[in-house]
Amino acid sequence: MEPFTLDVFISKRFVSASLTHRVTSKQVAVAGTNSKDIKAVLKSRSDIPACLAVGAILADRAREADVYTASYTPRERDKFEGKIRAVVQSLIDNGIDVKIYLD
């Protein structure tokens with residue numbers, strides 16, 4: 001297992017994602033559409049372009065913290081498609097190796 005886990009939360013109003021260290025439970029990198037720098041740039045805070053922006057910013061912040069690999073396991077109620085897939089794909093496209101564990 002990778003030492004860092006990806007957590008993605010998508011609601012009707014915003015998108016949030018974070019990378020957390022598995023052992024210490026410390027969040028290493030966080031990005032969300034509610035933050036001031038992202039909120040001003042986006043047209044909508046919960047569509048696919050917003051998900052892609054969150055993934056790109058999270059990848060930049062992860063690289064600053066020297067994190068290049070992570071694992072992602074969807075919650076029971078989440079399906080790996082649409083907006084969640086856009087966040088993960090954006091992370092992969094921006095240089096973070098994400099291992100996806102589907103049941």
Side-chain angles (χ1 to χ4, degrees):
M1 295 296 271
E2 303 298 320
F4 296 97
T5 59
L6 172 66
D7 184 36
V8 179
F9 179 75
I10 297 176
S11 73
K12 293 180 181 180
R13 300 182 71 195
F14 67 93
V15 177
S16 175
S18 65
L19 288 173
T20 307
H21 192 268
R22 188 181 301 274
V23 176
T24 63
S25 298
K26 180 181 176 187
Q27 287 187 333
V28 178
V30 179
T33 56
N34 277 345
S35 63
K36 290 181 184 179
D37 54 346
I38 303 172
K39 190 188 309 187
V41 177
L42 297 174
K43 190 181 287 187
S44 171
R45 289 187 275 173
S46 62
D47 58 355
I48 297 289
C51 293
L52 295 172
V54 166
I57 291 170
L58 185 63
D60 291 339
R61 293 178 180 171
R63 276 187 263 119
E64 288 174 5
D66 289 333
V67 175
Y68 297 97
T69 60
S71 65
Y72 175 70
T73 305
R75 295 182 184 111
E76 289 181 14
R77 67 180 186 272
D78 292 341
K79 295 180 182 174
F80 188 67
E81 58 187 26
K83 294 178 183 179
I84 293 176
R85 187 179 199 105
V87 172
V88 174
Q89 189 61 46
S90 179
L91 276 168
I92 293 169
D93 292 343
N94 286 294
I96 304 299
D97 183 29
V98 180
K99 305 268 193 287
I100 302 163
Y101 296 101
L102 302 174
D103 291 337

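Under the 4.5 Å side-chain criterion, counting only non-hydrogen atoms from C-beta, Gln27 is not in contact with Leu19. Two residues are said to be in side-chain contact when any heavy atoms from C-beta on lie closer than 4.5 Å; Asp7 and Arg75 meet this criterion. Counting only heavy atoms from C-beta outward, the side chains of Leu102 and Pro74 approach each other to under 4.5 Å.
A distance-only check finds no donor-acceptor pair linking the side chain of Thr69 to the backbone of Asp97 [under 3.5 Å]. When atom types are taken as modelled, the side chain of Arg13 and the backbone of Arg45 share no donor-acceptor pair closer than 3.5 angstrom. Distance alone, capped at 3.5 Å, places no donor-acceptor pair between the Arg22 side chain and the Thr5 backbone. With hydrogens and angles ignored, the 3.5 Å screen pairs a side-chain donor or acceptor of Thr33 with a backbone N or O of Val15. For the pair Lys83 (side chain) and Cys51 (backbone), a donor-acceptor distance under 3.5 Å is absent. In this structure, the side chain of Ser18 does not engage the main chain of Val30 through any donor-acceptor pair within 3.5 Å.
In terms of the salt bridge (charged side-chain N to carboxylate O under 4.0 Å, His left out) criterion, Asp47 has no residue partners (sequence neighbours excluded). With sequence neighbours left out, Lys39 forms a salt bridge (charged side-chain N to carboxylate O under 4.0 Å, His left out) with no residue at all.
The minimum heavy-atom distance between Ala56 and Ser90, with the atom names listed, is N-OG, 3.1 Å. Taking every heavy atom of both residues into account, Gly32 and Ser35 meet most closely at O-OG, 3.0 Å.
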Side chain to side chain contact (heavy atoms under 4.5 Å, CB included) between Arg63 and Asn94: does it pass, once the steps are laid out? CA-CA 10 Å; Arg63 276 187 263 119; Asn94 286 294; 3.8 Å; yes
Start with the C-alpha gap between Phe80 and Val88, add the side-chain angles, then the distance that decides, and say whether side chain to side chain contact (heavy atoms under 4.5 Å, CB included) holds. CA-CA 9 Å; Phe80 188 67; Val88 174; 3.9 Å; yes
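When each of Val87, Ile96, Leu6 is paired with Leu58, the side chain to side chain contact (heavy atoms under 4.5 Å, CB included) condition holds for Leu6 and for no other.
Here the CG-OG distance, from Asn34 to Ser11, works out to 7.5 Å after rounding to the nearest 0.5 Å. Put simply, NZ on Lys99 and OG1 on Thr73 are 12.5 Å apart, with the number rounded to the nearest 0.5 Å.
Leu52 and Ile84 fall into different hydrophobic clusters, defined by Ile, Leu, Val, Met, Phe, Trp and Tyr side-chain heavy atoms under 4.5 Å apart, directly or through other members. Ile100 is connected to Val54 through a chain of hydrophobic side-chain contacts under 4.5 Å among Ile, Leu, Val, Met, Phe, Trp and Tyr, so both are in one cluster. Connection of Val28 to Val98 is established within a shared hydrophobic cluster, with ILVMFWY side chains joined at heavy-atom distances below 4.5 Å, either directly or through further cluster members. Ile57 and Val8 fall into different hydrophobic clusters, where Ile, Leu, Val, Met, Phe, Trp and Tyr side chains are chained together by heavy-atom contacts under 4.5 Å.
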